[in-house]
Structures are given as C-alpha cells and as structure tokens.
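What follows is a set of notes on a single structure, which appears directly below.
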Amino acid sequence: MNERMRGLGAKKSIIRELFEYAKTVRAEKGADSVFDFTIGNPSVGAPQAVADAMKHLIDTVPPEVLHGYTSAQGDPAVREAIASYIRDTFHAPAQADRIYMTVGAAAALSICFAAILNPGDEVIVPAPYFPEYKVFVETAGGVLRPILSLPGSMKPDIAAIGAAINERTRILLINSPNNPSGAVIDSESLTALCALLAEKSREFGHTIYLVGDEPYRELAYDGVEVPYLTNYYKNTLVCYSFSKSLSLAGERIGYVLLHPECENASDMYAAICGAGRALGYVCAPSMLQLMIPYCLGKTSDISIYAKNRQMLYEGLTSFGYECVKPEGAFYLFLKSPESDAYAFLERGKAHGLLFVPGDDFGYPGYVRIAYCVQNETIAKALPRFEALAKEYNL
Ligand code: PLP
C-alpha cells in the first residue's frame, strides 16, 4: 500500500473532527448547545434556475445523451457558452477549446498542478490558504511555499513573494475572494503581482504561471470587484467551480480555463487534457454540464451571507475582537485573543462555539469562522462570543 495515501486517508481533518464533536454534543444536549462555524458548506439552497434547468433537460434531452459520456474535456456547446459568458461579462479572453470541464475546483486545481509541475517544482501561495492545496501540489510532485499575507489587510505581501521566487518556482497560486480571510485581490495588487511574474519569468528563463482558484468569485460584497485574471497575464489558468455560487458543492462541477494566448497554448491545453486523463477526471457529470448554460451569471441568495457578514463583523468588533472585514467568500478570519488558536478554540467550545484554528491554513494566531449559516444562528451565537470576549477582558 502507498504509505502517503494511507496517511492522508487515516488522518481526520480538524474540520471533520469538530463536525463529529458537534454531532455528539447536539445529540446529548440539544440543537442550540453548539454553534458550528467550521464547514464551508453553503446553507442557502441552489436557485430555482438549477431545478428548472434540470427538469427541462430531463423532459427534452434523450436519456442516452443526458446521462452518456461527453467528450473528455466536456461538451463543446457548454464550453462555448462559458467562454462567451466570460468574454461578455468580464471582457476577458476566453475560448471554448481552451476550457476543460471538471468535477469542481478541487479537480481543476489537481489538473493544473499535474499539467505544469515536474518533481521538486515549487508553487508559491499567499497564506492563509485552503489546506488541500498542499495535498494537491504534493500529489503532483511539487512543493508548496506559503508566504504570509499582510496582517493589517490580509492582502498578499508582494515584496515577500518576489523575494521567495527562485529557479524552482513554476506557479503563483492565488485565491480571491479568499478562503479563509475573505480578502479580495484588487486590480492594483494583481497588476503588481503579474508584473513580478513577468519579470521573474525573464530572470529565470522559464514561464511562471498564474493559477487562480475562484470558487468564490460571485461572493463579493459592497460592490467590491474581483478582477478577471486573463485580463492581466497571459500565462494564466483559472480554476472555477459552481459549488459556492450556485450552492452545488455536492454535485461536483467546475472547469479549468487556459488563457487562449498562453505561451504554447495548444501544448499546455494538451497537458491539461493529459492530466485530466491521467487522474481519471475525464467527462465531468454530463447532466451538470448541460445545466450550466441555463445558470451562468445566476447565484443562490447571497444576501443571506451579506447579512451574516455584517452582523458578525459588527458584533465581534464591538466586543473587542480584531479582524479584517471580509470583502468576499463566507468566512471571517478572527485574531485569536491568545497566541495559541487551539487554546482559544477550547475556550470557545466551553461556550458552544466551534471554529477552525488558522494553523491549518498556514496562519497561526487566527481562527476561521464560516458564516454560511442561517441568520438566526449568528444572532444566537453572538451573545456567546460576547461572553467569551469578557473572559479575555477584551
Ligand atoms: N478552493 C477553495 C478555496 C475552497 O474553499 C474549496 C472548497 O471549499 C475548493 C477549492 C474546492 O471546491 P470544489 O467543491 O469546487 O471542489
């Protein structure tokens, strides 16, 4: 047996552990005994457009087509619909024959890493970052190099990223809006990052790719804009997912989009198709693919998250906690009142509050609060956060 795989399967994530803990406490002490802010599973249902599209497909598409294989990279008409949506909405380069349909962003990321990396190649990622990146990068033979983001804003530390890029660097991986900080990389920072990649690619004599992980693209608040990456840098791959925008996390549908003018674009697209083949990620679920053209640009009711964000941010800061106001996604990254975030979690548990220590996201001293819950959960939990703040004399 493969020892690394055994280890990955045997070790429970902290989120899974806390989830089991919450179930046990609820069974013993009742529903309101514990407030679980650990999991990024959308609480808002998929929009009606999804069900309507599914019904329409069942009624109109012959079952052997609806449930049969598409081409390995995905249905051509679906890829054309996505490309034209991106061109029209973001005025950004996108082409159907440079899109590869996947089972969510997780598969899209794994495909990008397998397509680009050779053993020992490095991927730079601003921390805090989604913990699975390390698993995906290492499975592709690469090494993840986290660089701490700026504590005041949770924006990438561009100077530190520049200093970390070396002859082994092949990818800068960015996630905006960010899980777990909610930070959005603005146009100015993105321009600076892309200039850096271009300069370092020249210096080291090979391409450094920009890989964007964008499952939260539509979840941005107060009119914050999330710049579209192919408008900024040609050696770009975008990993997108409908898991969060349409609340379809369990359906597993997303894609990789390669910039049409990427260097050696047709070879790179072949590598993406090859990686999909090697990993067994061919033909993403057909019915979900065919649903996409009917739902592009639609989202589930994100006003619920927007309200939660406001309630939580205002409540927590008024109690004396410190955090950067999240601009997007559905997470708030709170500074732990003591340096050990695990100790803070233990004291939170005593108040029936569960959240995830930042250590797991490469950023110790903070905790992630997932606010993709019902509004009333936030309302009921806030007095407990207040009591917890008092214990720390905040
Ligand atoms: N990337 C980030 C930052 C995420 O938060 C998640 C899921 O929570 C994923 C990727 C994986 O998304 P998917 O469900 O599309 O595989």
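The analysis underlying the following values was restricted to heavy atoms, covering all of them including side chains, and did not include hydrogens, waters or symmetry mates. Just follow the structure's listing: the first ligand is 1, and inside any ligand the first atom is 1.
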Nearest atoms (heavy-atom pairs only) where Ser286 meets Leu66: CB-O, 3.3 Å
Inter- and intrachain pairs under side-chain hydrogen bond (donor to acceptor under 3.5 Å, both in side chains), touching residues 144-156, at least two apart: Glu122-Arg145, Lys155-Glu327
Of all pairs that satisfy ring-ring contact (aromatic ring centres under 6.0 Å, His included), the ones with a partner from residues 73-126, not counting sequence neighbours: Phe90-Tyr228
Qualifying ring-ring contact (aromatic ring centres under 6.0 Å, His included) pairs, either residue in residues 272-315, two or more places apart: His56-Tyr294, Tyr305-Phe330
First-shell residues of ligand 1 [heavy atom, distance under 4.0 Å]: Gly104, Ala105, Ala106, Phe130, Tyr133, Asn175, Asn179, Asp213, Pro215, Tyr216, Ser241, Ser243, Lys244, Arg252
For His259 against Thr230, the heavy-atom pair lying closest together: NE2-O, 3.1 Å
Basic-acidic side-chain contact under 4.0 Å: Glu80, Arg87: yes
